[in-house]
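Scroll down for the structure; my scribbles are underneath it.
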Amino acid sequence: MVVTAATGAAPERFNKRQTGGFVDEMRSVAMKLHSKDQSKEGEKETQGKPWPKWEPTIDGYLKFLVDSKLVYDTLDKILLKADFPEYAEFRNTGLERAGNLAKDLNWFKEQGHVIPEPLSPGLDYSVYVEELSKNDPQAFICHFYNTYFAHTAGGRMIGKKVAAKILNGKELEFYKWDGDLSQLLQNVREKLNKVAENWTRDEKNRCLQETEKSFKFNGEILHLIVA
C-alpha cells in the first residue's frame, strides 16, 4: 500500500520574525517535501492514499510505537554521549519521547497486547543516525530537528486520528509534554540557530541536504501503522 503521511517538521507553526535564522531554512526545505494535503504550504502533489483515509490497526500501531521508541532512545544516547560539543545543547529540552513511549507500551501490555520487537524501519534508522552522528554533526542535527519537530505537528495530528479510530479516543503519553509545548519548541529553535551560527555555508547545506533522508526514514516508520 502506498500512503501519504505528514512526516516532516514543516507544519509546525511559529512567528518567523521571532525565529529567523537557520531554522527557517530547515523549515523551508522540509516544506518542499510536503504534499498539498499535508499542509496548506505544501508544494508537492499528493501521491498514493492520503493519511486521513488510513485504516490503522492495534498491531500496526504497536509496531510504530516500538520502532519510534528505538529511534528516540538512540537520539537520547547520541546526545548524552556527545561526540561533538554542540550535541550537549540538545539534552533535556523537554521534547524527549522515549520515557513517554515506555509508559504507553506498558499500558498496552497491561491491556493484554503482546509488544513486538523492533522492525527494520526503526532498526535501520537507528543504525543510520548513530553512524552519522560520529562524523557529520550538521547532518545529524537535521535528523534531530525533523524527528522531534515532526512529532509535535503532523505526528500529533495523526495520533489523534488513530486514537479516535482504534483507542476510543485515549490520548497516549507520546502526545503529552510537561510544560508549554510552544515554549519548549521555541527554546530548541533558538538553540538550533545558535549552533548553526558557527557553521560554514557548506555545513549548512549539508544539513539541509539530509532532509529528504529524514523524511524517508520517518515515513517508513509511520507506515507501520497500517502494515
Side-chain angles (χ1 to χ4, degrees), residues 6-14 19 23 26-27 30 61-109 115 118 121-123 125-134 137-160 162-163 170-196 207 210 214-215 217-218 221-222 224:
T7 57
E12 47 114 359
R13 293 178 172 82
F14 59 91
T19 302
V23 170
M26 288 195 285
R27 184 179 185 276
Y61 198 41
L62 282 172
K63 293 174 184 176
F64 161 73
L65 294 174
V66 167
D67 278 37
S68 294
K69 182 178 184 299
L70 177 61
V71 172
Y72 284 110
D73 277 331
T74 302
L75 292 173
D76 286 349
K77 181 173 68 174
I78 291 168
L79 296 174
L80 184 62
K81 184 180 177 184
D83 286 324
F84 293 90
E86 54 262 56
Y87 292 174
E89 291 285 336
F90 303 105
R91 297 175 188 159
N92 303 315
T93 62
L95 298 183
E96 292 78 16
R97 297 290 85 198
N100 291 55
L101 279 163
K103 293 177 183 177
D104 289 330
L105 291 171
N106 186 60
W107 177 82
F108 277 103
K109 188 175 181 179
I115 307 303
L123 291 167
Y125 195 19
S126 294
V127 169
Y128 181 79
V129 293
E130 188 158 16
E131 288 301 313
L132 193 68
S133 71
K134 296 175 183 177
Q138 290 78 28
F140 166 73
I141 285 175
C142 174
H143 289 269
F144 167 87
Y145 166 76
N146 279 290
T147 299
Y148 276 101
F149 277 61
H151 180 62
T152 69
R156 277 198 300 168
M157 185 166 53
I158 289 173
K160 186 175 181 179
V162 171
K170 175 180 172 59
E171 183 181 13
L172 297 182
E173 296 299 315
F174 192 25
Y175 305 99
K176 298 177 183 178
W177 287 263
D178 292 330
D180 178 53
L181 178 57
S182 62
Q183 186 59 54
L184 295 176
L185 291 169
Q186 182 62 22
N187 293 342
V188 175
R189 292 185 198 107
E190 291 173 359
K191 289 177 181 291
L192 286 164
N193 282 334
K194 179 182 177 182
V195 166
C207 175
E210 201 68 19
S214 175
F215 268 58
F217 279 115
N218 278 300
I221 293 174
L222 189 61
L224 290 172

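Values below: all heavy atoms of this structure, side chains included; hydrogens, waters and symmetry mates excluded. The shown structure was predicted, so the numbers you read here are calculated from the model rather than taken from an experiment.
Contact check for Trp177 versus Thr152: side-chain heavy atoms found under the 4.5 Å cut-off. Contact of the Leu62 side chain with the Leu224 side chain is not registered, since no non-hydrogen atoms from C-beta on lie closer than 4.5 Å. Taking the side chain as every heavy atom from C-beta outward, Leu95 and Phe149 approach each other to under 4.5 Å. Proximity of Leu65 to Phe108: side-chain heavy atoms (C-beta onward) are separated by under 4.5 Å at one or more points. Counting only heavy atoms from C-beta outward, the side chains of Val129 and Phe217 never approach each other to under 4.5 Å. Between Val195 and Phe90, some side-chain heavy-atom pair lies under the 4.5 Å cut-off. You'll find the side chain of Val66 stays beyond 4.5 Å of the side chain of Leu101, heavy atoms only. Here the side chains of Leu70 and Leu123 are in contact, with some heavy-atom distance below 4.5 Å.
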Candidate pair Ile78 and Phe144, rule side-chain contact (heavy atoms from CB on, under 4.5 Å), full reasoning:
CA-CA 10 Å; Ile78 291 168; Phe144 167 87; over 6 Å; no
Given the rule in the salt bridge (Lys or Arg N to Asp or Glu O under 4.0 Å) test, do Lys69 and Asp73 qualify, once you have shown the distances and angles that lead to the verdict?
CA-CA 6 Å; Lys69 182 178 184 299; Asp73 277 331; 2.8 Å; yes
Give the C-alpha distance, both sets of side-chain angles, the deciding distance and a yes or no for side-chain contact (heavy atoms from CB on, under 4.5 Å) between Tyr148 and Val188.
CA-CA 10 Å; Tyr148 276 101; Val188 175; over 6 Å; no
Please assess Ile141 against Phe84 for the test side-chain contact (heavy atoms from CB on, under 4.5 Å), listing each intermediate value before the final yes or no.
CA-CA 11 Å; Ile141 285 175; Phe84 293 90; over 6 Å; no
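Interatomic distance, Asp178 CG to Glu96 CD, rounded to the nearest 0.5 Å: 10.5 Å. Summarising the geometry, atom OG1 belonging to Thr147 is positioned 4.0 Å from atom CG belonging to Asn218; distances are rounded to the nearest 0.5 Å. Distance check, rounded to the nearest 0.5 Å: CD of Glu89 to CG of Leu192 gives 10.0 Å. Here OG of Ser68 is found 13.5 Å from NZ of Lys63. Values are rounded to the nearest 0.5 Å. Distance check, rounded to the nearest 0.5 Å: CZ of Arg97 to CG of Leu75 gives 12.5 Å. The structure places NZ of Lys191 at 8.5 Å from OG1 of Thr93, a figure rounded to the nearest 0.5 Å.
Scanning both residues, Ala88 and Ala82, for their nearest heavy atoms gives N-CB, 4.5 Å. Contact detail for Ser182 and Arg189: the closest heavy-atom pair is O-NH1, 4.3 Å. Here the shortest heavy-atom pairing between Tyr125 and Ser214 reads OH-OG, 3.7 Å. The minimum heavy-atom distance linking Asp67 with Pro118 is given by the pair OD1-CA, 3.3 Å. When all heavy atoms of Val71 and Gly122 are compared, the closest pair comes out as CG2-O, 4.0 Å.
A side-chain donor from one of Gln183 and Asn187 sits under 3.5 Å from a side-chain acceptor of the other.
Listed for the Asn100 side chain is a donor-acceptor partner under 3.5 Å among the backbone atoms of Lys176. Between the Asp104 side chain and the Glu173 main chain, a donor and an acceptor come within less than 3.5 Å of each other. Using a distance-only test at 3.5 Å, with no hydrogens or angles considered, a donor-acceptor pair links the side chain of Asn193 to the main chain of Val23. Side chain of Glu130 to main chain of Tyr128: no donor-acceptor pair is present (N/O by atom type, distance under 3.5 Å, no hydrogens or angles).
Ring pair Tyr87/Phe140: centre-to-centre distance below 6.0 Å.
In this pair, Phe174 and Tyr72 present their aromatic rings perpendicular. The plane angle is above 60°, beyond the 30 to 60° band.
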